[in-house]
Every structure is written in structure tokens, then in C-alpha cells.
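Input: a single structure, listed below in C-alpha cells.
The basis for the numbers below is simple: all heavy atoms, side chains too, and nothing from hydrogens, waters or symmetry mates. Sequence lines set the chain letters: A, B, ... in the order given, protein chains first and strands last, and positions in each chain run from 1.
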There are 2 protein chains.
Amino acid sequence: MDETRWLDAEEQQTWRAFLWTSRLLTEALERRLQQEAGLPHAYYMILAMLSEAPDRTLTMSDLARVVRSSASRLSHAVARLEEAGWVRRAKHPGDRRTTLAVLTDAGFAVLAEAAPGHVEAVREHLFDPLTREQVRQLRGCLESVLSSLDPDGEARDVLPAGPPS
Amino acid sequence: MDETRWLDAEEQQTWRAFLWTSRLLTEALERRLQQEAGLPHAYYMILAMLSEAPDRTLTMSDLARVVRSSASRLSHAVARLEEAGWVRRAKHPGDRRTTLAVLTDAGFAVLAEAAPGHVEAVREHLFDPLTREQVRQLRGCLESVLSSLDPDGEARDVLPAGPPS
DNA sequence: GTTCAAAACTTGAGCTTTCAAGTTCCGCCG
DNA sequence: CGGCGGAACTTGAAAGCTCAAGTTTTGAAC
């Protein structure tokens, strides 16, 4: 029997708008990062998250958590970044299983170079088209969706200055 | 000079919420499609868009437009789908450059099998956590962003369509 | 004080996507 | 009608991601 609750017209349009928006936005940012810094967004995020960490250092596990990556993907990515000299691996004193990823000065320089353009692109493509009120609404929607997708609140620990809710 | 307008706290939170939400949502849908139909979302979309086209047929160019894919990516993907027997290529009568992609009955069957679970996942993860009012707001935000990212309105020609998505 | 499951990574193979050519074909300009 | 630029695809190699093992180390149970 066909018990499926299909999407109504409004939902359908919203869903496709979401797909298009997130794809176009991603493409725009990816393109910009690629031409200004020659790295994919995922790699940029690794550098960015390291730069915010104490000593510009995180364990692979923690880094995986904050960039929302699998252990495997991260390991491959850090290998690339290490070849490029942006990141280096170090031993964790006290637990020989865990390895530390450290942002090098060269890596920080690349990030500093890329960041302004990236932020500008985010502003231009996401925030400029929205009114102040819409930004507020969007954030509310995202947080609702997020708390359902992420019941354990892994995101809350990472999002800067999360709401008290 | 440091002319960069960085993101303020609210924008920062909104932006990261967007990243997390779209990633978690994508992962959830991808996982579900993978286990129920064994295909990635991009491939699912190809089948879905073909199923809505007259004669379940589109030129590669048009198909690329509606699934927002590069010509190359689509060509590779259709090659895979053709091996699986879900899609077949045909010659265009009248223009020998263009090739047509046709959804086969087997392909339609796979889609029909996968669609309910997929729609259910979209509903569960995106719409259920939102109030009716929030859906309206979200759609407004997305359309604002979209019209800036897509000034030529390529999306508009594609968005109003029937189920399933 | 051994054993053992689980934690933290890494590795390699397979699949998808991107990038840069390459091919064939249409339509137009002169 | 003869080029010729551009359109519509395809192809192959390189890059990135996923998946399934495999390694080493830890902590805890017995």
C-alpha cells in the first residue's frame, strides 16, 4: 500500500530550493578557494580549525570531530597537507596511539592569505542577499533542523558561543 | 590594509550552523539511499529528473542542467547507470551531436523502490523539525540567496515540478 | 599479570568527481 | 560552398572520498 506522505507543493519547492542553494553556494565558495589558495573547502576547514585551537594543535580525533570528517578521510587529507608543508604530525606525549596535527607557519600563512577572500564570498553570496531579519529566521531554522539531526549536540560544542537553550 | 569585514557573532553562528546542517542532512540522506537502493544521491537525482521528463528522456545537456552537473560528471555517471541497466543512451534524430538519456523500466523500478524511503528521510530530517511558519521563512531565505547566486534564473525553470523528488 | 575489547590511526582498493584534452557535428559568415 | 567558431559529448588521468581491513596501544576485567 502506498502509505508514503509525499511532499506538498510548498515543501517540494522548499526542498529543491535547498538543494540548489546549497549546491550553488558550495560551488561558488569552492571555486573561489580553488583559485585564490588552490585548496578545496574541506582542506581549508582543517587549516581554519587548527588555527583556532590552542597551540594550533589538535588530535586527529578532535580534528575529525570539528571538521565533521571520517578518520580515514582526515588521515588522507592530512597526508596531503603534510606533503605541502601546511601541517605536520607529532606524537602525543602520554598516549602513543594518538597523533597530533599541528598547523605550521607556512600553513597559517596560506590560511591568512585565503581567509579574506573566502569570508568575502560567504558574505556576498549568503548574507548580503538576506535582510537582518531573514538571517535571524534562517539561524532559527537551521538550529531546529540541527538539533534533530544531532541529538547528542556534537555541533553545539563546536559552534562558537552556542546558544544557552 | 585589513579591509576585510569579518563575520560578526551572529553571522558566524549562522554560517557554521549552515555548514553542519547541510553536511549532516546530506550524510543522512546519502546513507539511507545507499542502504535502500545502493546509489548515491547524485545518481538518484538523475533517475528522478528523467522520470519526470516527457518520454522519460532528456538530452545530456538538459539533464546536466537540471541535476546541476558538469558535462563530464554526467557522462561518467550515465555510463555507470547504463552498465547497471537503469538508463540507456539513444541518438537524437535531427542533431547527431546530442545524445539522449532514457530511463529504462528497470531504472524506473529502482527509483520507485527508493523514492518512498528517500522522501520519508527528507521529511523526517528537514520538515518535521520545522514549524509550518519556519518552512515558509526558510523558503523565503533560500529564494533570496538563490536569486543572487543564480541571476539568470536557471533554477526557476527547474523548480516547479511534480513528485517524487 | 594476562587477555581482550575497544580506541586511535593508517593503508589500499574502488568509486566518484574534476580537469584538461580530444572528437564530431552544426550553423553561420563571407 | 568552404571554412571555422562554438556546441555537445566523451575520454583518461589525477585528486578526493568511502569502505573494509590492518596495526598499535590502552584500559579494564578476570
Practice task
Check the hydrophobic clustering (I, L, V, M, F, W, Y; side-chain heavy atoms under 4.5 Å; chains of links allowed) and say if B:Val135 and A:Leu130 are grouped together.
Solution key: yes
Practice task
Would you mind classifying the nucleic acid contact of B:Ala42 as base, sugar-phosphate or nothing, using non-hydrogen atoms under 4.0 angstrom?
Solution key: sugar-phosphate
Practice task
Give A:Thr99 one of three labels, base, sugar-phosphate or nothing, depending on what nucleic acid heavy atoms sit under 4.0 Å from its own.
Solution key: sugar-phosphate
Handout entry: Sugar-phosphate, base or nothing in reach of B:Arg96, heavy atoms under 4.0 Å
Key = sugar-phosphate
Handout entry: Residue A:Ser61, side-chain heavy atoms: nucleotide from C:dC19, C:dA8, C:dG12 that is nearest
Key = C:dA8
Exercise for the section: Taking atom CZ of B:Arg5 as the centre, report whether more than 12 heavy atoms of other residues, nucleotides or ligands fall under 6.0 Å from it. Expected result: no
Exercise for the section: Can you tell me the distance, in whole Å, between the CZ atom of B:Arg65 and the C1' atom of D:dA7? Expected result: 11 Å
Handout entry: For atom NE2 of B:His92 and atom P of C:dC26, their distance in whole Å
Key = 10 Å
Practice task
Please state how far atom CD in B:Glu83 lies from atom P in D:dT11, giving the value in whole angstrom units.
Solution key: 11 Å
Exercise for the section: Respond yes when some side-chain nitrogen or oxygen of A:Arg73 is under 4.0 Å from OP1 or OP2 of D:dT18, and no when none is. Expected result: yes
Practice task
Say whether B:Ile46 and B:Val102 are linked into one hydrophobic cluster, either directly or through other cluster members, by side-chain heavy-atom distances under 4.5 angstrom.
Solution key: no
Handout entry: Gap between atoms NZ and C1', on A:Lys91 and D:dT24 respectively (whole Å)
Key = 12 Å
Exercise for the section: Name the nucleic acid region contacted by B:Thr98, choosing base, sugar-phosphate or nothing; use a 4.0 angstrom heavy-atom cut-off, strictly under. Expected result: sugar-phosphate
Completion exercise
To the nearest angstrom, the CG-C1' distance between B:Asp95 and C:dT24 comes to 11 Å
Problem - Test item: A:Glu120 and A:Arg32 side chains (from C-beta on) under 4.5 Å apart, heavy atoms - result: yes
Problem - Sugar-phosphate only, base, or nothing, as touched by A:Arg89 at under 4.0 Å among non-hydrogen atoms - result: sugar-phosphate
